[in-house]
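Every heavy atom of this structure was used, including side-chain atoms; hydrogens, water molecules and symmetry mates were not. The chain is numbered in sequence order, starting from 1.
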Amino acid sequence: MKRIRLICTLAAFMISMTVVSTSAERKYHDDVTGICDTVLVLDSPTLPSLTMAVETRGRIPSAKRLNGPSECRFGVIWNATDKSNFHYATLRPVDDDAYDYVSDSRHVLLEIGKMIRGENILILTRRLSSDIGLSDSENSIAVETDCRTGNTLIYAGNKGLNLVAETSVTPVSKAGIGLICDGLIEISLAVTESEPDLSYQLCTTWTEERLIASFAGNNANPVVGFWKYLDRDNDHMYARMGGEYNIAVTSNESGGFDIIYLGGARVNASEWKPGMIKGRLIPTIFTDHYDLNWYDASMRPIDRECSATIEQGAILRLDFPLLKTSIRYSKIPLDKL
C-alpha cells in the first residue's frame, strides 16, 4: 500500500548512490483457503521492519440472508505479539431490513479495535455501503503499518482497495501480522509483505575511537585505515552520487575487509549513522585488487562486477562499470586525524 506494495511496487534509481531494487519480502499463503473462529499469525519477522502489510480476500457464506448484523466477520491483524494481543480491522455484513430490496439498507460494518490479554477494545466503527460487496459477496481488506511510527492505513473494497480508515498504534518491535475471523470464512487470497529495516542489519559496534585503537601499529595491509573522498568519474545518466563519504576499512572475520561509514552522506543522510557497514572488500588472487560489495544510499547492495584497487599505496579506487562510475578515496595518516 501506499497503496500497498502488494498491488504494485515502483523503485527509484541512484547509486550511493541508488539502484533499481526492492527489499520488500512478499509471501502468498495459498494454503489458507478457509478459516473458522480463529486468529492466525501468518508472518512474524525475526528482524525489525520498516513497514508491514497484510491483505486478505474472502466471503461469508452464511451472510446470504440476514436480519441485522451477521455474527460472522473476517479481517486482518497487525502489531501482534501473540494470539491474545494485537490490533485488528474486520468486515461484518449487515442487513437491517431483510428482504426489502426497495429500501435496501444493506452495508458492511468496518470494525477497528485491539485485543489486550484477550480483552476486546473497540476503537472505531464505520459503515461501508459503496465500492463494497454486500451480504455474502467477496471483499478484500488490507492494512499497511509503519513499524517505526505506528501510523496505519486500512483499505477495503470488492473490486479494488480503497482507503477507508487511518489509525495510529504504539508500535511493537518484530510484531506479527495475520488474519482473524468469527464464523466460517472462505478465503481466496492471503498475502503478507514486510520491508526489512536495512539500517538495523548494517549497524556495528565500531566507533572512530575504537577504529583508531585498532589501526595503531597496524601497517600490514595498505587498505586498512581511514579514507576521505578524493574525486569521481561518473556518468549522471547511469548514477548520481549520494554523498562525499568519509570511510574506514578494517579487517573482518571472513578474511576480507569491512568498509565502515563515518560521514558525508547527502542522500538518505538521516538514516546513515557512523559505524554502519558501507561495503565489503573480498581479496582476489591479484595484489591490491578486491571484489567489492557496496551498499547504496538506500542501503541496498550493489555487487555486480564491482571491484576495488589500491593505487600508489594511498589511493582506494572503487569501480562500478555497469554504472559507468569510479570513485577515489585518499588515505588519511593516523597522525593527521
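Applying the side-chain hydrogen bond (donor to acceptor under 3.5 Å, both in side chains) test between S326 and each of D319, N234, T309 identifies D319 as the sole match. Exactly one of T90, L124, N120 qualifies for a side chain to side chain contact (heavy atoms under 4.5 Å, CB included) with E111. That residue is T90.
Linking Ile, Leu, Val, Met, Phe, Trp and Tyr whenever their side-chain heavy atoms come within less than 4.5 Å puts L91 and I177 in one cluster. A continuous path of ILVMFWY side-chain contacts below 4.5 Å connects L134 to I185, so both sit in one hydrophobic cluster. Follow the hydrophobic side-chain contacts under 4.5 Å out from I282 and you never reach I302; the two are in separate clusters. A chain of hydrophobic side-chain contacts below 4.5 Å, direct or via other Ile, Leu, Val, Met, Phe, Trp or Tyr residues, connects F257 to I277. Hydrophobic clustering (ILVMFWY, side-chain heavy atoms < 4.5 Å, transitive): I116 and F86 are in distinct clusters.
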Exercise. D43 and K27: salt bridge (Lys or Arg N to Asp or Glu O under 4.0 Å), yes or no, with the steps?
Worked result: CA-CA 9 Å; D43 191 10; K27 298 178 183 178; 3.5 Å; yes
Exercise. Please walk me through it: do L161 and E55 pass side-chain contact (heavy atoms from CB on, under 4.5 Å)?
Worked result: CA-CA 10 Å; L161 286 171; E55 177 183 1; 3.5 Å; yes
For this session: Determine, stepwise, if the pair L211 / T250 fulfils side-chain contact (heavy atoms from CB on, under 4.5 Å).
Result: CA-CA 8 Å; L211 288 165; T250 183; 4.3 Å; yes
Problem set entry | Audit row: E271, R148, salt bridge (Lys or Arg N to Asp or Glu O under 4.0 Å) steps and yes/no | CA-CA 13 Å; E271 298 299 316; R148 290 181 172 181; 3.2 Å; yes
For this session: Show your working on salt bridge (Lys or Arg N to Asp or Glu O under 4.0 Å) between E311 and R317 and close with a plain yes or no.
Result: CA-CA 7 Å; E311 300 174 341; R317 192 183 78 218; 2.4 Å; yes
For this session: Assess whether side-chain contact (heavy atoms from CB on, under 4.5 Å) is satisfied between T56 and I141, documenting all intermediate values.
Result: CA-CA 6 Å; T56 189; I141 183 169; 3.7 Å; yes
Problem set entry | Worked check of side-chain contact (heavy atoms from CB on, under 4.5 Å) between W227 and V249 | CA-CA 8 Å; W227 302 84; V249 178; 3.7 Å; yes
For this session: Tell me, with the steps shown, if E138 and S188 meet side-chain hydrogen bond (donor to acceptor under 3.5 Å, both in side chains).
Result: CA-CA 9 Å; E138 261 197 340; S188 59; 2.8 Å; yes
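Between M299 and S199 there is a side-chain heavy-atom pair separated by less than 4.5 Å. Counting heavy atoms from C-beta outward, P222 and D288 have side chains that approach closer than 4.5 Å. Taking the side chain as every heavy atom from C-beta outward, Y290 and V223 approach each other to under 4.5 Å. Within the 4.5 Å cutoff, the side chain of Y28 has heavy atoms near those of the L189 side chain. For the pair I123/K114, a side-chain contact is recorded, criterion being any heavy-atom separation below 4.5 Å from C-beta on. With contacts defined as side-chain heavy-atom distances shorter than 4.5 Å, the pair M115/I180 does not qualify. Counting heavy atoms from C-beta outward, W206 and Y261 have side chains that stay 4.5 Å or more apart. Side chains of M276 and T204 form no contact here, defined as non-hydrogen atoms less than 4.5 Å apart.
Not one N or O on the side chain of D233 forms a donor-acceptor pair closer than 3.5 Å with the backbone of I327. Under the 3.5 Å distance criterion, the side-chain polar atoms of R59 are left unmatched by any main-chain donor or acceptor of N139. Judged by distance alone, with hydrogens and angles left aside, the side-chain atoms of N293 form no donor-acceptor pair with the main-chain N or O of R280 at under 3.5 Å. The main-chain N or O of C72 is found under 3.5 Å from a side-chain atom of S70 such that the two form a donor-acceptor pair. Formation of a donor-acceptor pair under 3.5 Å by the S137 side chain with backbone atoms of S135 is not found in this model. In this structure, R26 contributes its side chain and E193 its backbone to no donor-acceptor pair below 3.5 Å. In this structure, N268 contributes its side chain and A297 its backbone to a donor-acceptor pair below 3.5 Å. With hydrogens and angles disregarded, no donor-acceptor distance shorter than 3.5 Å links the side chain of D37 to the backbone of C181. Under the 3.5 Å distance criterion, the side-chain polar atoms of R210 are matched with a main-chain donor or acceptor of T205. Distance alone, capped at 3.5 Å, places no donor-acceptor pair between the S330 side chain and the I315 backbone.
A donor-acceptor contact closer than 3.5 angstrom links the side chains of N252 and D258. In summary, the side chains of Y329 and N246 do not present any donor paired with an acceptor at a separation below 3.5 Å, with no hydrogens or angles considered. A donor-acceptor pair shorter than 3.5 Å cannot be found between the side chains of H87 and T152.
Electrostatic pairing of R300 and E195 counts as a salt bridge here, judged by a charged N lying under 4.0 Å from a carboxylate O.
Rounded to the nearest 0.5 Å, atoms OG (S194) and CG (L50) are 10.0 Å apart. Here the OG1 atom belonging to T125 is positioned 8.0 Å from the CG atom belonging to L110, to the nearest 0.5 angstrom. One distance of note links CD1 of I154 with OG1 of T145; it measures 8.5 Å at 0.5 Å rounding. To the nearest 0.5 angstrom, F226 atom CZ is 10.5 Å from K331 atom NZ. Rounding to the nearest 0.5 Å places CH2 of W294 at 13.5 Å from CG of D303. For the atom pair CD1 (I259) and CG (L292), the distance works out to 5.5 Å, reported to the nearest 0.5 Å.
No cation-pi contact links R57 to F74, judged by a cut-off of 6.0 Å to the six-membered ring centre and 45° from its axis. Cation-pi contact between K278 and Y245: present, with separation from the ring centre below 6.0 Å and deviation from the ring axis of at most 45°.
Residue K324 places its NZ atom among 12 or fewer non-hydrogen atoms of other residues, nucleotides or ligands, all under 6.0 Å distant.
Residues G176 and V41 share a closest heavy-atom pair of CA-CG1, 4.4 Å. For the residue pair I187 and V32, the shortest heavy atom distance occurs at CG2-O, 3.5 Å. Here the shortest heavy-atom pairing between R232 and M241 reads CD-CG, 3.3 Å. Between L179 and I77, the closest heavy-atom pair is N-CG1, 4.0 Å. Considering all non-hydrogen atoms of both residues, C147 and M52 come closest at SG-CG, 3.6 Å. The two residues G178 and V54 make their nearest non-hydrogen contact at O-CG2, 3.7 Å.
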